[in-house]
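Contents: one structure, followed by commentary.
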Amino acid sequence: RYHLKTTWTKLKIIQDILKNPEEIVLLGTNTTTLAKQELSWIKKVFAQPILRRLFPDVIPDPGKEFNGWEKCTETELTLKRPNKMGYIAQGPQILAVGLGTVITGIHPTKAYLDDIITERVIDSPTEMNNAREWWVYLQPICAEAPITLICTPYHYLDLYCEMIRDKHFGNNVFIRPVKENGKFIWSYMTEKRFKKMTVRMTDYAISTQFYLKPIPEEDR
């Protein structure tokens with residue numbers, strides 16, 4: 001309920017495919033297990049009867065166990081590719097991968113990286129270095145694909161903050177903390193409720209997870 005960004009990301013991917021079935025969309029998450037779960041959710045949305053009625057030319061009947069679609073595995077999905085003379089898309093419509101997955105043979109047209117860094121990665125210098133290397137090697141693969149990063153910072157030296165400092169996304173960075181102009185951005189949130197949610201959290205964790213500031217106020 002408190003974290004809608006992942007849901008909106010998956011809905012945006014669905015919208016991308018409905019608008020252009022020739023897209024090759026990369027969805028990156030923290031682990032392969034999570035990537036499979038996210039793609040499973042996307043499949044279920046595509047299979048909804050109302051969506052199939054609205055877009056019959058894009059979404060075929062999924063059939064039993066989704067075998068009516070062109071390709072459907074735990075990490076890849078292609079509903080139906082348009083038939084164009086001389087054009088064969090090199091890759092599925094959606095490829096879901098976990099951080100560190102070696103990607104070969106495809107060049108996405110769009111990429112969405114959703115919370116690829118977690119506290120598990122932050123706690124390990126080796127894991128953080130591996131994350132940086134994965135990001136570096138992702139660049140030639142996504143050379144012509146806009147990359148959208150959805151994230152919450154954990155530390156002022158993590159990969160997210162490094163990307164922002166080095167302007168990997170230029171000025172296209174949108175930061176929205178839990179409060180704006182002294183008011184919660186969620187209509188249902190109250191001070192009492194927020195305090196109950198954060199009572200066991202450190203000031204640093206509250207600062208990063210809710211205010212998106214990787215340095216607590218008292219340490220600035």
Side-chain angles (χ1 to χ4, degrees), residues 6 8-47 55 57-118 120-121 126-151 159-160 162-163 166 168-169 172:
T6 294
W8 284 114
T9 300
K10 291 182 289 189
L11 291 174
K12 181 63 172 67
I13 292 173
I14 291 169
Q15 184 186 57
D16 288 342
I17 300 301
L18 294 177
K19 291 172 64 177
N20 181 11
E22 294 180 3
E23 296 279 20
I24 301 174
V25 180
L26 174 68
L27 170 60
T29 64
N30 181 247
T31 65
T32 300
T33 298
L34 182 56
K36 292 176 181 179
Q37 293 173 357
E38 302 291 19
L39 186 58
S40 176
W41 187 92
I42 290 174
K43 293 174 189 175
K44 291 174 183 177
V45 175
F46 273 127
F55 300 92
D57 56 328
V58 180
I59 313 174
D61 183 345
K64 187 176 181 180
E65 299 297 325
F66 304 113
N67 57 13
W69 290 342
E70 191 170 311
K71 185 171 186 178
C72 185
T73 69
E74 287 188 305
T75 58
E76 298 184 23
L77 175 64
T78 300
L79 303 171
K80 182 177 73 172
R81 286 290 192 189
N83 294 320
K84 284 190 175 181
M85 187 66 69
Y87 175 78
I88 301 176
Q90 298 295 307
Q93 288 175 326
I94 304 174
L95 172 64
V97 302
L99 180 68
T101 300
V102 177
I103 304 170
T104 58
I106 74 164
H107 290 279
T109 56
K110 291 184 178 179
Y112 296 88
L113 307 182
D114 182 27
D115 283 334
I116 57 173
I117 303 296
T118 66
R120 176 182 63 82
V121 176
T126 300
E127 291 281 351
M128 181 55 68
N129 185 60
N130 291 340
R132 287 191 176 93
E133 286 191 0
W134 188 77
W135 168 253
V136 168
Y137 285 109
L138 189 65
Q139 303 313 302
I141 295 170
C142 296
E144 299 181 4
I147 299 176
T148 301
L149 178 69
I150 303 93
C151 65
L159 182 58
Y160 296 146
E162 183 179 306
M163 290 175 180
D166 294 345
H168 288 197
F169 295 90
N172 299 316

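These figures come from a predicted structure and were not determined experimentally.
For the atom pair Asn172 CG and Thr148 OG1, the distance stands at 9.5 Å (nearest 0.5 Å). Rounding to the nearest 0.5 Å places NZ of Lys12 at 6.0 Å from NZ of Lys19. The line from CD of Gln93 to OG1 of Thr109 is 10.0 Å long, rounded to the nearest 0.5 Å. From Ile106, atom CD1 reaches atom CD1 of Ile24 across 6.5 Å, with rounding to the nearest 0.5 Å. Taking CG of Leu27 as the start and CD1 of Ile13 as the end, the distance is 4.5 Å to the nearest 0.5 Å. How far CD1 of Ile150 is from NZ of Lys10: 11.5 Å, rounded to the nearest 0.5 Å.
When every heavy atom of Leu11 is checked against every heavy atom of Trp41, the shortest pair comes out as CD2-CH2, 3.8 Å. Residues Gln139 and Trp135 approach most closely at NE2-O, 2.7 Å, considering heavy atoms. Residue Leu39 comes nearest to Glu76 through the heavy atom pair CD2-N, 3.4 Å, listed as atom of the first residue, atom of the second, then distance. Closest approach of Pro82 and Glu22 over heavy atoms only: CG-CG, 3.5 Å. Contact record, Ala47 with Phe66: CB-CE2, 4.0 Å, taken as the closest heavy-atom pair. Across Asp61 and Gly63, no two heavy atoms sit closer than the pair OD1-N, 2.9 Å.
Cys72 is not listed as a side-chain neighbour of Asn67, based on a closest heavy-atom distance of 4.5 Å or more. At a threshold of 4.5 Å between non-hydrogen side-chain atoms, the residues Ile103 and Tyr137 do not count as touching. Side-chain contact check for Tyr160 versus Ile116: some heavy-atom pair is nearer than 4.5 Å. The shortest side-chain heavy-atom distance between Asp115 and Asn30 does not fall under the 4.5 Å cut-off. Thr75 is listed as a side-chain neighbour of Lys36, based on a closest heavy-atom distance under 4.5 Å. Looking at Ile42 and Ile17, their side chains never come closer than 4.5 Å, going by heavy atoms from C-beta outward. The shortest side-chain heavy-atom distance between Thr78 and Pro92 falls under the 4.5 Å cut-off. Counting heavy atoms from C-beta on, the side chains of Phe55 and Leu79 never come closer than 4.5 Å.
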Practice item. Step by step, work out the side chain to side chain contact (heavy atoms under 4.5 Å, CB included) result for Leu34 and Gln37. Key: CA-CA 5 Å; Leu34 182 56; Gln37 293 173 357; 3.6 Å; yes
- prompt: Given Val97 and Trp134, is the side chain to side chain contact (heavy atoms under 4.5 Å, CB included) satisfied, shown in steps?
  reply: CA-CA 12 Å; Val97 302; Trp134 188 77; 4.1 Å; yes
- Query: Run the side chain to side chain contact (heavy atoms under 4.5 Å, CB included) check on Glu144 and His107 step by step: do they pass?
  - Reply: CA-CA 8 Å; Glu144 299 181 4; His107 290 279; over 6 Å; no
Margin query: Applying side chain to side chain contact (heavy atoms under 4.5 Å, CB included) to Phe46 and Leu18, what does each step give before you reach the verdict?
Written below: CA-CA 9 Å; Phe46 273 127; Leu18 294 177; 3.9 Å; yes
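The 12-atom threshold is not exceeded at CD of Glu74, counting heavy atoms of other residues, nucleotides or ligands nearer than 6.0 Å.
Among Asp16, Thr9, Thr6, the one residue that satisfies the side chain to side chain donor-acceptor pair (under 3.5 Å) test with Tyr112 is Asp16. Tested against Leu99, the residues Thr118, Val121, Asn130, Thr31 include a single side-chain contact (heavy atoms from CB on, under 4.5 Å) partner, Val121.
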